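Before any comments, here is the structure.
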Number of protein chains: 2
Amino acid sequence: MKRTIFLYGLALAALITLLKFLEYRLFVRDLSMEFYIGIIALMFTVLGVWVGLKLTRKKTIIINPNFQFDESRLEKYGISKREYEVLELMSKGHSNQEIADKLFVSLNTVKTHSSNLFLKLEAKRRTQAIQRAKELALIP
Amino acid sequence: MKRTIFLYGLALAALITLLKFLEYRLFVRDLSMEFYIGIIALMFTVLGVWVGLKLTRKKTIIINPNFQFDESRLEKYGISKREYEVLELMSKGHSNQEIADKLFVSLNTVKTHSSNLFLKLEAKRRTQAIQRAKELALIP
DNA sequence: AACCAAATCACCCTTTCGGGTGAAGGTTTT
DNA sequence: AAAACCTTCACCCGAAAGGGTGATTTGGTT
């Protein structure tokens with residue numbers, strides 16, 4: 001982060017130097033105003049894109065490839081064991097009926113669990129719930 | 001994506017209008033050159049940051065950092081570009097209607113694409129298709 | 001004993017999904 | 001030109017999913 005800011009300062013300094021040089025050329029010679037403005041706009045756009053990239057790249061790494069189950073995370077979101085079992089099967093692509101068969105409960109029960117899951121994970125659909133759960137490292 | 005580019009164009013147009021206005025003020029009145037340059041630099045930096053953010057936001061959602069997109073895999077399963085776009089949005093938890101809105105096509109079109117996807121991925125449900133696609137390293 | 005959270009199930013109703021089929025327009029390949 | 005493929009869209013219909021509400025049982029806590 002500090003390095004990014006340092007590099008940003010460096011780039012800024014370089015830009016200003018270049019600008020001053022261009023400014024000199026502008027007033028002494030034949031460079032048109034439009035060209036000058038264009039250069040400035042281009043340079044600062046590039047600079048802005050670069051800064052934007054630098055500042056957001058970090059968020060990419062937040063999530064985990066090597067999954068480690070952590071029960072405290074479940075408590076954090078108030079997800080019970082049974083709900084978690086439903087969530088796991090759900091993420092593997094099973095239908096509610098299949099989940100009901102595997103857990104030896106009725107279809108209605110699975111629906112209740114999944115409804116509660118959606119509330120706790122702030123999801124509207126099961127695919128969204130799965131996505132959320134992965135982001136929260138609840139499931140691999 | 002198309003929307004981003006469109007908005008970018010719009011923002012650019014607005015900026016240029018503002019620039020022309022400032023340019024007028026500069027030559028007719030009392031605005032200093034430095035001030036003018038500063039405004040331009042600032043505006044285009046902001047624009048650049050915004051564009052940078054827009055272009056990288058997608059990568060923020062990636063769960064598996066060691067994912068490498070490989071087009072040959074898609075060909076292996078006969079998945080077209082459009083179908084792949086649907087698959088991506090699907091895996092992010094969007095409904096068919098939401099996907100249709102994002103891709104600027106009708107709900108029926110999305111259904112067709114997803115049906116074809118299920119055939120090609122040998123899946124019965126969208127959750128299963130997502131699971132399969134991840135196993136096949138088609139999506140992160 | 002009283003209380004509470006979890007788990008179970010039911011019923012009703014709406015929305016979303018998914019399968020099947022057909023079709024039109026466009027591009028690429030043969 | 002014909003064939004093959006992609007993309008787009010439509011209609012119908014049944015299956016699955018999801019929301020809301022209420023009820024019962026059970027195990028653990030107070």
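Keep in mind the model is a prediction, meaning the values are calculated, not measured. Protein chains get the first letters and strands the later ones, always in sequence-line order, with residue 1 at the start of each.
- Here B/S106 reaches the OP1 or OP2 of D/dA10: one of its side-chain N or O atoms lies under 4.0 Å away.
- The shortest distance between side-chain heavy atoms of B/R126 and B/N96 falls below 4.5 Å.
- Rounded to whole Å, atom P of C/dC17 lies 14 Å from atom CG of B/L117.
- For the pair A/S80 and C/dA7, the criterion of a side-chain N or O lying under 4.0 Å from OP1 or OP2 is met.
- Contact between the side-chain N/O atoms of B/R126 and the OP1/OP2 oxygens of C/dG18 is found at a separation under 4.0 Å.
- Where A/K120 and B/T127 each meet DNA chain C at their nearest nucleotide, the meeting point lying more 5' is that of A/K120.
- Look at B/K102 and B/E88 and you find no salt bridge, because none of the NZ, NE, NH1 or NH2 atoms lies under 4.0 Å from a carboxylate O.
- Rounded to whole Å, atom C1' of D/dG19 lies 16 Å from atom CD of A/Q128.
- At distances below 3.5 Å, not a single donor-acceptor pair connects side-chain atoms of B/K120 with backbone N or O atoms of B/Y77.
- Of the candidate nucleotides C/dG19, D/dT7, D/dC9, C/dG19 has the atom nearest to the side chain of B/S115.
- Note on B/S114: nothing from the nucleic acid sits closer than 4.0 angstrom, heavy atoms only.
- OP1 or OP2 of C/dA7 has not a single side-chain nitrogen or oxygen of A/R82 nearer than 4.0 Å.
- Rounded to whole Å, atom P of D/dC9 lies 8 Å from atom NE2 of B/H113.
- At least one side-chain nitrogen or oxygen of A/N96 sits closer than 4.0 Å to the OP1 or OP2 atom of D/dA17.
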